[in-house]
**Student:** 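Got a structure here, written out as structure tokens. Questions coming.
Because only heavy atoms are used, hydrogens play no part in the values below, and waters and symmetry mates are left out as well, while side chains stay in. Just so it is clear: chains get the letters A, B, ... in the order the sequence lines come, proteins before strands, and each one is counted from 1.
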Amino acid sequence: MTALSEIKERFRPALANLTADVEAALAMIRPAQDAKFGDFQANCAMSLAKPLGKAPRELAQQIVDSIQLNDLCEPPEIVGPGFINLRLKSDWLEALVQKLVGDERIGCDSVAEPKTVVVDYSSPNVAKPMHVGHLRSSVIGASLCHILRFAGHKVISDNHIGDWGTQFGMIIFGYQNFVDRAAYEADPVGELARLYRLVNQLADYHDAKQKLPQLDELIATAEARITAAEQSGEEPKSLKKTLKKLRGDLDGLRETRQSTESKIRAVDSDESLAALATEYPNIARQARDETAKLHAGDETNRRLWDEFLPECLKALDAVYQKLGVTFDRTLGESFYQPLMADVVADLKSSGLASDSEGAVCVFIEGNDAPFIVQKSDGAFNYATTDLATIRYRVNEFSADAMLYVVDTRQSEHFKLLFETAKRWGYDGVDFRHVNFGTVLGDDGRPFKTRSGDTVGLESLLDEAVSRAYDVVIENDPNGELDEDTRRNVAQAVGIGGIKYADLHHNRESDYVFSWDKMLARTGDTAAYIQYANARTNGIFRKGGIDRKSLRQTNSKIILSHPSERALVLQIQSFGDVISSILTELRPNLLTQFLFETANSFSAFFRDCHVLNEEDESLRTSRLLLCDLTSRTLRLGLTLLGIDAPERM
RNA sequence: GCACCCGUAGCUCAAUUGGAUAGAGCACCGGUCUUCGGAACCGGGGGUUGGAGGUUCGAAUCCUCCCGGGUGUACCA
């Protein structure tokens with residue numbers, strides 16, 4: 001229970017008499033935006049008044065009069081157009097906190113109806129090393145799993161890895177033609193990654209060469225259009241617009257041409273690459289053929305796949321270990337291959353899918369592009385896999401809900417997927433595309449290295465830890481921490497910093513990646529919250545106080561100072577925050593809560609002495625608050641997937 | 001062309017989904033310290049929420065138009 005949930009229950013019967021949609025009205029009872037308005041505010045009177053033909057303030061008074069709040073709040077105030085301002089009575093708040101100090105869940109109730117939720121996140125392609133693009137999916141997905149599980153749901157986290165796509169054909173082809181045995185023996189995954197890049201580069205090269213003349217043609221046409229428009233005698237206003245559009249197109253084409261050219265130049269300027277390019281003019285098709293052979297059950301390719309895959313998985317595991325992310329299942333695309341033909345046959349026989357231009361498609365009205373479940377060459381694609389996956393998850397796990405923590409750019413795919421799945425019979429499943437924005441560099445473009453490559457995730461994590469280690473040393477000039485502790489703190493602060501930076505942004509927006517902000521010694525960072533927690537630990541260490549037995553004393557909580565009151569008011573809202581996250585799936589609500597909690601603690605710590613407090617009962621009460629704060633911070637960080645070092 | 005998204009302080013981002021005077025962090029300026037842990041705390045300046053209309057008790061949020069930017073768009077995932 002939280003104060004807010006209790007207030008809502010008191011309001012419920014009164015509001016039920018006034019509206020059919022009680023939940024909507026209850027949702028308008030909220031924490032006060034400003035402390036001067038009290039602790040909570042009910043904003044429902046204004047919107048309810050109109051349909052009832054009443055004056056809002058009058059209605060507010062009527063609501064207040066019909067509710068029993070004496071024990072809970074000071075007399076409510078009706079202000080402005082009809083706000084109802086509520087302030088908790090101190091003894092009620094003290095009694096509430098009294099329960100929290102002995103409660104591992106910090107007042108957060110388990111959900112009444114636990115659901116089976118499959119969370120699909122991270123999902124890298126095993127053929128290429130993980131990069132910064134996988135960060136958000138992994139971090140947000142893992143955090144949502146923790147939170148859903150904590151709330152009482154049955155959660156199955158699933159890493160839907162790409163282990164069957166066209167990229168694998170590239171590796172196989174590369175391995176058969178270009179492998180460096182010694183390098184492969186020493187570091188199989190490193191060599192496979194090199195082969196992938198090589199084949200990809202050569203394929204891109206030929207593709208670029210082929211496209212260049214077309215591009216030049218397009219550019220010429222675009223230029224001609226601009227000239228024509230300029231001479232068309234169009235009205236100035238609309239001409240300006242037309243020109244702007246045309247010039248934008250032209251710029252885009254030129255940019256494409258430039259990158260196309262540089263791909264060609266990169267190969268041409270390297271003698272051995274150029275030779276390979278000449279030797280393998282059809283490398284893209286050859287790689288595709290290897291993929292097709294693999295899918296068709298070719299023995300050699302299957303054997304290679306069996307050989308490569310465990311190595312790739314091992315490499316992924318190493319990254320996940322550094323990141324501190326785990327999965328219940330790792331069921332990749334290959335796992336669903338045996339089910340694919342049935343899926344398509346089923347869709348066809350039920351009339352959902354039909355042939356079009358040689359491909360098997362599901363058409364959803366209102367969408368231009370069809371949902372292609374089988375390509376014209378007979379191969380299946382990710383749409384097919386995703387449908388097979390849905391069927392499997394419902395059959396095997398009895399999934400009630402599926403969350404897909406995937407880049408927002410794939411929203412159309414999921415729109416079509418969910419719609420198709422519903423028509424296919426899975427309309428009882430709660431599908432959610434938990435979309436997120438792109439990680440940008442400080443130039444506002446997707447985060448890349450200086451040379452234009454994507455940033456490898458593993459090196460990113462290593463750098464974070466190493467930078468954090470430098471900060472740890474800097475902050476510990478007297479060497480109070482031993483080397484092991486230093487390393488642990490660096491790990492927690494570095495990895496935690498990356499995660500926190502990611503999670504504290506609203507997941508739907510893009511954000512700019514910044515080392516300085518993530519690991520800053522000041523501000524809204526993981527380190528700030530970890531530090532607040534470490535400070536509370538310091539108090540118990542210094543006081544030689546055993547926290548377990550402290551909790552068992554069951555001493556009375558005394559709120560003698562506004563900062564104490566503010567701190568507990570903040571902490572008791574933990575359950576409200578968790579329940580918001582359950583519906584909105586936004587971990588940034590939790591980072592915000594933790595930052596505010598750490599802030600409130602700092603104020604409390606400044607204003608209220610703990611160890612030096614002479615009044616024994618007040619001292620114990622404050623120690624209990626320190627313990628409660630620390631447990632809240634630790635639990636919150638854990639739910640984000642961030643470690644909370646004992647000291648730092 | 002069509003569809004979707006975004007534009008908030010110098011910078012990076014919030015804003016409980018229509019609530020009261022739009023908030024944080026960074027940066028900048030000024031302050032706190034015989035430190036229960038200074039990786040801390042307090043104060044200050046900084047805004048026509050891209051622009052113009054509209055809807056209503058009330059708009060950053062909803063509607064229309066305009067300006068600026070991004071993404072996706074038939075067989076990659």
**Student:** Within this structure, what is the CG-to-P distance between A:Leu246 and B:G1, rounded to whole angstrom?
**Tutor:**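 Result: 10 Å.
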**Student:** Let's see if you can work this out: which of B:A74, B:A40, B:A39 has an atom nearest to the side-chain heavy atoms of A:Val472?
**Tutor:**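 Between B:A74, B:A40, B:A39, the one nearest the side chain of A:Val472 would be B:A39.
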**Student:** May I ask which nucleotide in the shown strands pairs with B:C65, Watson-Crick or G-U wobble, both distances under 3.5 Å?
**Tutor:**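 By the stated definition (distances under 3.5 Å), B:G51 pairs with B:C65.
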**Student:** What's A:Lys415 touching, base or sugar-phosphate or nothing? Going by heavy atoms closer than 4.0 Å.
**Tutor:**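 It contacts nothing in the nucleic acid.
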**Student:** Find out whether A:Arg619 and A:His609 are in side-chain contact, i.e. whether some heavy atom of one side chain is under 4.5 Å from a heavy atom of the other.
**Tutor:**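 No - every pair of side-chain heavy atoms lies 4.5 Å or more apart.
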**Student:** Ring centres of A:His413 and A:Phe371 under 6.0 Å apart?
**Tutor:**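 Ring centroids of A:His413 and A:Phe371 are less than 6.0 Å from each other.
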**Student:** Please determine if a side-chain N or O atom of A:Asn506 lies less than 4.0 Å away from the OP1 or OP2 oxygen of B:A15.
**Tutor:**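 Checking A:Asn506 against B:A15: at least one side-chain N or O falls below 4.0 Å of OP1 or OP2.
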**Student:** Taking only the P atom of each, what is the distance from B:U49 to B:C11 in whole angstrom?
**Tutor:**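 Comparing P positions in B:U49 and B:C11 gives a spacing of 16 Å.
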**Student:** Under 4.0 Å between any heavy atoms, over every strand shown, what does A:Glu613 touch: base, sugar-phosphate, or nothing? Just pick one.
**Tutor:**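 Answer is nothing: A:Glu613 stays at 4.0 Å or more from every strand.
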**Student:** Charged N to carboxylate O under 4.0 angstrom, A:Arg285 versus A:Asp289?
**Tutor:**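 Between A:Asp289 and A:Arg285 there is a salt bridge, with a charged N closer than 4.0 Å to a carboxylate O.
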**Student:** Rounded off to whole Å, could you give me the CG-to-C1' distance for the A:Asp516 and B:C13 pair?
**Tutor:**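 Going from CG in A:Asp516 over to C1' in B:C13 covers 16 Å.
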**Student:** Answer with base, sugar-phosphate or nothing: what part of the nucleic acid does A:Gln41 contact at a heavy-atom distance below 4.0 Å?
**Tutor:**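 If one applies the 4.0 Å heavy-atom cut-off, A:Gln41 turns out to touch a base.
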**Student:** Base, sugar-phosphate, or nothing for A:Gln410, non-hydrogen atoms under 4.0 angstrom?
**Tutor:**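 If one applies the 4.0 Å heavy-atom cut-off, A:Gln410 turns out to touch a base.
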**Student:** It should be established whether A:Lys517 places a side-chain nitrogen or oxygen under 4.0 Å from OP1 or OP2 of nucleotide B:G25.
**Tutor:**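 Answer is no, no contact under 4.0 Å.
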**Student:** Could you give me the CA-CA distance, side-chain angles and deciding distance for A:Asp443 and A:Arg445, then say whether salt bridge (charged side-chain N to carboxylate O under 4.0 Å, His left out) is met?
**Tutor:** CA-CA 5 Å; A:Asp443 57 355; A:Arg445 316 238 56 186; 5.9 Å; no
**Student:** Could you tell me whether A:Tyr511 contacts a base, only the sugar-phosphate backbone, or nothing, with contacts defined as non-hydrogen atoms closer than 4.0 Å?
**Tutor:**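 Counting heavy atoms under 4.0 Å across all strands, the contact made by A:Tyr511 is with sugar-phosphate only.
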**Student:** Can you identify which nucleotide, out of B:C41, B:G25, B:G19, has its nearest atom closest to the A:Asn43 side chain?
**Tutor:**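 For A:Asn43, the side-chain atoms sit closest to B:G19.
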**Student:** Does the A:Asn475 side chain pair with the main chain of A:Val471, one donor and one acceptor, at a distance under 3.5 Å?
**Tutor:**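 The answer is yes, because a donor-acceptor pair under 3.5 Å joins these two groups.
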**Student:** On a whole-Å scale, what distance lies between the C1' atoms belonging to B:G46 and B:U61?
**Tutor:**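 About 24 Å, rounded to a whole number of Å.
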**Student:** When you check the side-chain N and O atoms of A:Asp524 and A:Tyr500, is any donor under 3.5 Å from an acceptor?
**Tutor:**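 Indeed, the side chains of A:Asp524 and A:Tyr500 share at least one donor-acceptor pair under 3.5 Å.
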**Student:** Across the strands shown, which category fits A:Thr166 at heavy-atom distances under 4.0 angstrom: base, sugar-phosphate, nothing?
**Tutor:**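 The residue A:Thr166 makes sugar-phosphate contact but no base contact.
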**Student:** Step through it carefully: locate the ring centre of A:Phe83, locate the ring centre of A:Phe37, and say whether they are under 6.0 Å apart.
**Tutor:**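 Between A:Phe83 and A:Phe37, the centre distance exceeds or equals 6.0 Å.
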**Student:** Which nucleotide sits closest to the side chain of A:Pro370: B:A40, B:G19, B:A74?
**Tutor:**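 My answer, after comparing the listed nucleotides, is B:A74.
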**Student:** Looking at the side chain of A:Lys50, which of B:U12, B:U73, B:C57 is the nearest nucleotide?
**Tutor:**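 Nearest to the side chain of A:Lys50 among the choices is B:C57.
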**Student:** Base, sugar-phosphate, or nothing for A:Thr408, non-hydrogen atoms under 4.0 angstrom?
**Tutor:**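 No contact at all - A:Thr408 keeps every heavy atom at 4.0 Å or more from the nucleic acid.
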**Student:** Whole-Å distance between B:A77 P and A:Gln167 CD?
**Tutor:**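 Those two atoms, CD and P, are 7 Å apart.
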**Student:** Using a cut-off of less than 4.0 Å, is there contact between a side-chain N or O of A:Ser509 and OP1 or OP2 of B:C6?
**Tutor:**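 Looking at the OP1 and OP2 atoms of B:C6, neither is under 4.0 Å from any side-chain N or O of A:Ser509.
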**Student:** Grab the N/O contacts between the protein and nucleotides 31-38 of chain B below 3.5 Å, and write none if there aren't any.
**Tutor:**
residue: B:C36; atom: O2; partner: A:Leu611; partner atom: N; Å: 2.9
residue: B:C36; atom: N3; partner: A:Val610; partner atom: N; Å: 3.1
residue: B:C36; atom: N4; partner: A:Phe605; partner atom: O; Å: 2.4
residue: B:C36; atom: N4; partner: A:Cys608; partner atom: O; Å: 2.9
residue: B:G37; atom: O2'; partner: A:Tyr531; partner atom: OH; Å: 3.2
residue: B:G37; atom: O2'; partner: A:Arg535; partner atom: NE; Å: 2.9
residue: B:G37; atom: O6; partner: A:Ala534; partner atom: O; Å: 3.0
residue: B:G37; atom: O6; partner: A:Arg541; partner atom: NH2; Å: 2.9
residue: B:G37; atom: N1; partner: A:Met648; partner atom: O; Å: 3.2
residue: B:G37; atom: N2; partner: A:Met648; partner atom: O; Å: 2.6
residue: B:G38; atom: OP2; partner: A:Arg535; partner atom: NH2; Å: 2.9

**Student:** Could you tell me whether the side chain of A:Ile578 reaches within less than 4.5 Å of the side chain of A:Cys108, counting heavy atoms only?
**Tutor:**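 When only atoms from C-beta onward are counted, A:Ile578 and A:Cys108 do touch, with a gap below 4.5 Å.
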**Student:** Could you check whether A:Asn85 gets within reach of a base, just the sugar-phosphate, or nothing at all, counting any heavy atom under 4.0 Å?
**Tutor:**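 Base: the residue A:Asn85, judged by heavy atoms under 4.0 Å, touches a nucleobase.
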**Student:** Is there a donor and acceptor pair, one atom on the side chain of A:Ser356 and one on the base of B:A74, closer than 3.5 Å?
**Tutor:**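 Per atom types, the contact qualifies.
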**Student:** Distance between the P atoms of B:C28 and B:C66, in whole angstroms?
**Tutor:**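 Taking atom P in both B:C28 and B:C66, they lie 43 Å apart.
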**Student:** Which is true for A:Arg619 with a 4.0 Å heavy-atom rule: it touches a base, it touches only sugar-phosphate, or it touches nothing?
**Tutor:**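 Contact class for A:Arg619: none.
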**Student:** Roughly how many Å is it from CZ in A:Arg445 to P in B:G69, rounded to a whole number?
**Tutor:**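 Going from CZ in A:Arg445 over to P in B:G69 covers 12 Å.
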**Student:** Does B:U17 have OP1 or OP2 sitting under 4.0 Å from an N or O in the side chain of A:Arg30?
**Tutor:**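 So the side-chain polar atoms of A:Arg30 do come within 4.0 Å of the phosphate oxygens OP1 or OP2 of B:U17, strictly under.
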**Student:** Base, sugar-phosphate or nothing for A:Pro56? Non-hydrogen atoms, less than 4.0 Å.
**Tutor:**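 Contact class for A:Pro56: none.
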**Student:** Nearest whole angstrom, please: distance from the P of B:C13 to the CG of A:Asn588.
**Tutor:**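 Distance check: A:Asn588 CG to B:C13 P gives 13 Å.
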**Student:** With P as the reference atom in both, quote the distance from B:G50 to B:A60 in angstrom, rounded to an integer.
**Tutor:**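 Pairwise P distance, B:G50 against B:A60, rounds to 10 Å.
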**Student:** Can you sort out the partners of A:Phe436 under ring-ring contact (aromatic ring centres under 6.0 Å, His included), two or more places apart, ordered by chain and number?
**Tutor:**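 If we apply the ring-ring contact (aromatic ring centres under 6.0 Å, His included) test to A:Phe436, skipping adjacent residues, there are no hits.
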